[in-house]
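Remember, predicted model here, so these are calculated numbers, not experimental data. Residues: numbered from 1 along the sequence shown.
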Amino acid sequence: MSTPNLKPIKRVAISTGGGDAPGLNAVIRAAVLAGMKRGWEMYGIRDGYHGLLNPEQYPEGGIVRLNRVRVRGITHLGGTIIGTSNRNHPMRYPITLPDGTHEEVDRTDEIVRAFALHGLDALITVGGDGSLEIAQVLAKKGLRVIAVPKTIDNDLDKTDLTFGFDSAVAFATEGIDRLHSTAASHGRVMVVEVMGRYAGWIALEAGIAGSADIILIPEIPYDLRKVTQKIQEREEMGRFFTIVVVAEGAKPVGGTLSVIGKEAGRAERLGGIGEKVAAEITKLTGKETRVVVLGHLLRGGTPTAFDRVIALRFGAAAVRALEQGLSNVMVSLDGQKMKFIPIEEAYGRMKSVPLDSDIIQTARDLGISFCEPD
Ligand code: F6P
């Protein structure tokens, strides 16, 4: 880590980027209150960096002052009071050319200039891997930047957990619990598709907690014959229903990801694997099969107490990092400790489910099938 910058801080901006996650408001509240306690003025950038890059689009300007009143009573609220965006990545900002085609341009210099214009001394950026990428660039261009890791997918490395994940797993588990009654009463196969991008954490944890019979995750490409085999084995035991939890990033052996689309300036969108798996199950077994896509329901609603606590801890820790003169670091949960690690150590390192982990072994011991080929 570089030498601490102990130049006094007066104004700090907070940005929330990427998909919203339960706990974002708790981070904002903790950072604002902790910053104000140190005599700093706290601001929120609207909609990721959009407010700084396009201030004319906001009646009250692209940055808003965050005071005690603005952050009152928000710890338990989903979403983010300052807005977020997972499009218009400032390093690959899409612009439409006169001939209708798109080009991606780097607008990070404009962000640095906007910080100077507003007299902002530092940035707390709350987001996933995309936000870490931007944070590093802004830090190299001279901004004092602290990153707070966020994602319901739990796929960020170098932190034991991200807030939002626990809430997503809790909701997905409740969804699976509720589907058991219909599955059992009708003797159906119920396929539940959950988010998680290229990692299977949500599917795995919710699947175990919700007593799924089959869990399909990106880390273990599945064989459809194994899916039908498991369904048939259950029938032979007199169990005429099956619960299948499928991660949006799951794919069959030798097959491809189920991608809905890819627009300029944003990540590809995944989805549709639940429908594909269900159609194949009906075709191969003749069983009545239904699909439930939990999708964005996993991102909404009130954060669990667990997520609120780590989000509040992350927000307060980010302010302490700035106070210590740090920059280009990410707040990270390591066991019970909050640590500050260089962003470059965390960026671009996806945390997949380790195949030799006890959680995978636990699922297998419970009789849950991942349907990998022999
Ligand atoms: O990264 C969070 C996440 O919810 C993923 O699980 C999902 O693939 C993606 O965001 C969905 O993004 P959008 O809100 O653009 O549909």
Side-chain angles (χ1 to χ4, degrees), residues 168-169 171-258 270-295 298 352-374:
V169 170
F171 186 86
T173 303
E174 190 188 337
I176 299 165
D177 286 347
R178 284 171 180 258
L179 292 170
H180 267 275
S181 46
T182 302
S185 305
H186 288 259
R188 283 178 181 164
V189 177
M190 300 297 280
V191 177
V192 189
E193 181 184 310
V194 296
M195 284 186 167
R197 279 215 166 271
Y198 312 111
W201 292 105
I202 298 176
L204 179 60
E205 295 212 0
I208 289 180
S211 300
D213 307 296
I214 292 173
I215 302 176
L216 306 179
I217 57 174
E219 292 83 349
I220 307 179
Y222 61 86
D223 180 345
L224 263 170
R225 280 171 309 179
K226 292 285 171 173
V227 176
T228 56
Q229 196 177 312
K230 175 76 179 171
I231 294 169
Q232 274 148 11
E233 275 167 25
R234 284 180 56 75
E235 304 239 321
E236 281 156 25
M237 292 188 310
R239 309 290 280 153
F240 295 103
F241 71 93
T242 298
I243 303 277
V244 182
V245 177
V246 53
E248 63 179 2
K251 55 176 188 240
V253 177
T256 52
L257 275 175
S258 197
L270 304 181
I273 188 69
E275 284 290 351
K276 289 181 188 163
V277 168
E280 292 289 343
I281 290 173
T282 307
K283 198 167 87 189
L284 295 170
T285 67
K287 275 195 78 74
E288 198 174 25
T289 307
R290 294 284 189 273
V291 187
V292 175
V293 180
L294 293 179
L298 300 180
S352 305
V353 177
L355 297 186
D356 58 355
S357 56
D358 83 280
I359 189 159
I360 292 278
Q361 190 54 51
T362 301
R364 293 192 198 282
D365 284 339
L366 289 167
I368 297 171
S369 175
F370 293 103
C371 298
E372 68 265 57
D374 291 328

Salt bridge (Lys or Arg N to Asp or Glu O under 4.0 Å): which pairs involve residues 188-208, sequence neighbours left out? R188-E288
Rounding to 0.5 Å, atoms CG (L179) and CZ (R290) come to a distance of 12.0 Å
Atom pair SG/CG of C371 and L224 - distance to nearest 0.5 Å: 8.5 Å
Heavy-atom check, side chain of V194 versus side chain of W201, under 4.5 Å: no
Looking only at atom types and distance, does a side-chain atom of E248 sit under 3.5 Å from a main-chain N or O of G271, one as donor and one as acceptor? no
Of the non-hydrogen atoms in P218 and G249, which two are nearest, and what is the gap between them? CB-O, 3.4 Å
Could you check I220 against I360 for side-chain contact (heavy atoms from CB on, under 4.5 Å), going step by step and ending with a plain yes or no? CA-CA 11 Å; I220 307 179; I360 292 278; 4.2 Å; yes
I'd like to know if the side chain of K287 reaches the main chain of F241, judged simply by a donor and an acceptor atom lying under 3.5 Å from each other, with no hydrogens or angles considered. no
Closest heavy-atom contact between A203 and I217? CB-CG2, 4.0 Å
E275, CD: over 12 other non-hydrogen atoms inside 6.0 angstrom: no
Working for side-chain contact (heavy atoms from CB on, under 4.5 Å), residues I214 and Y222: CA-CA 10 Å; I214 292 173; Y222 61 86; over 6 Å; no
Nearest heavy-atom approach of P252 to T256 is CD-O, 4.2 Å
Starting at NZ of K283, measure out to CD of E280 and round the result to the nearest 0.5 Å. 4.0 Å
Determine whether K230 and T242 satisfy the following criterion, side-chain hydrogen bond (donor to acceptor under 3.5 Å, both in side chains), listing intermediate values before the conclusion. CA-CA 9 Å; K230 175 76 179 171; T242 298; over 6 Å; no
Distance from L257 atom CG to Y198 atom OH, nearest 0.5 Å? 6.5 Å
Got a salt bridge between E174 and R178, using NZ or NE/NH1/NH2 to carboxylate O under 4.0 Å? yes
Would you say T228's side chain and R225's backbone share a donor-acceptor pair under 3.5 angstrom? yes
To the nearest 0.5 angstrom, please state how far the CD atom of E233 sits from the OG atom of S369. 8.0 Å
Please give me the minimum heavy-atom distance between V291 and A278, naming the atom from each residue. CG2-CB, 3.3 Å
How close do I176 and A206 get, counting heavy atoms only, and between which atoms? CD1-O, 3.5 Å
Main-chain N/O of K251 paired to K276 side chain as donor or acceptor, under 3.5 Å: no
Taking all heavy atoms of A250 and all of L216, pick out the closest pair and write down the distance. CB-O, 3.6 Å
Donor-acceptor under 3.5 Å (D213 side chain, I243 main chain): yes
Hey, could you give me the CD1/CG distance between I202 and L298, rounded to the nearest 0.5 Å? 5.5 Å
T182 and V292: CA distance, side-chain angles, deciding distance, side-chain contact (heavy atoms from CB on, under 4.5 Å) verdict: CA-CA 12 Å; T182 302; V292 175; over 6 Å; no
Please list all pairs passing the salt bridge (Lys or Arg N to Asp or Glu O under 4.0 Å) test where one or both residues lie in residues 354-371, with sequence neighbours left out. R364-E372
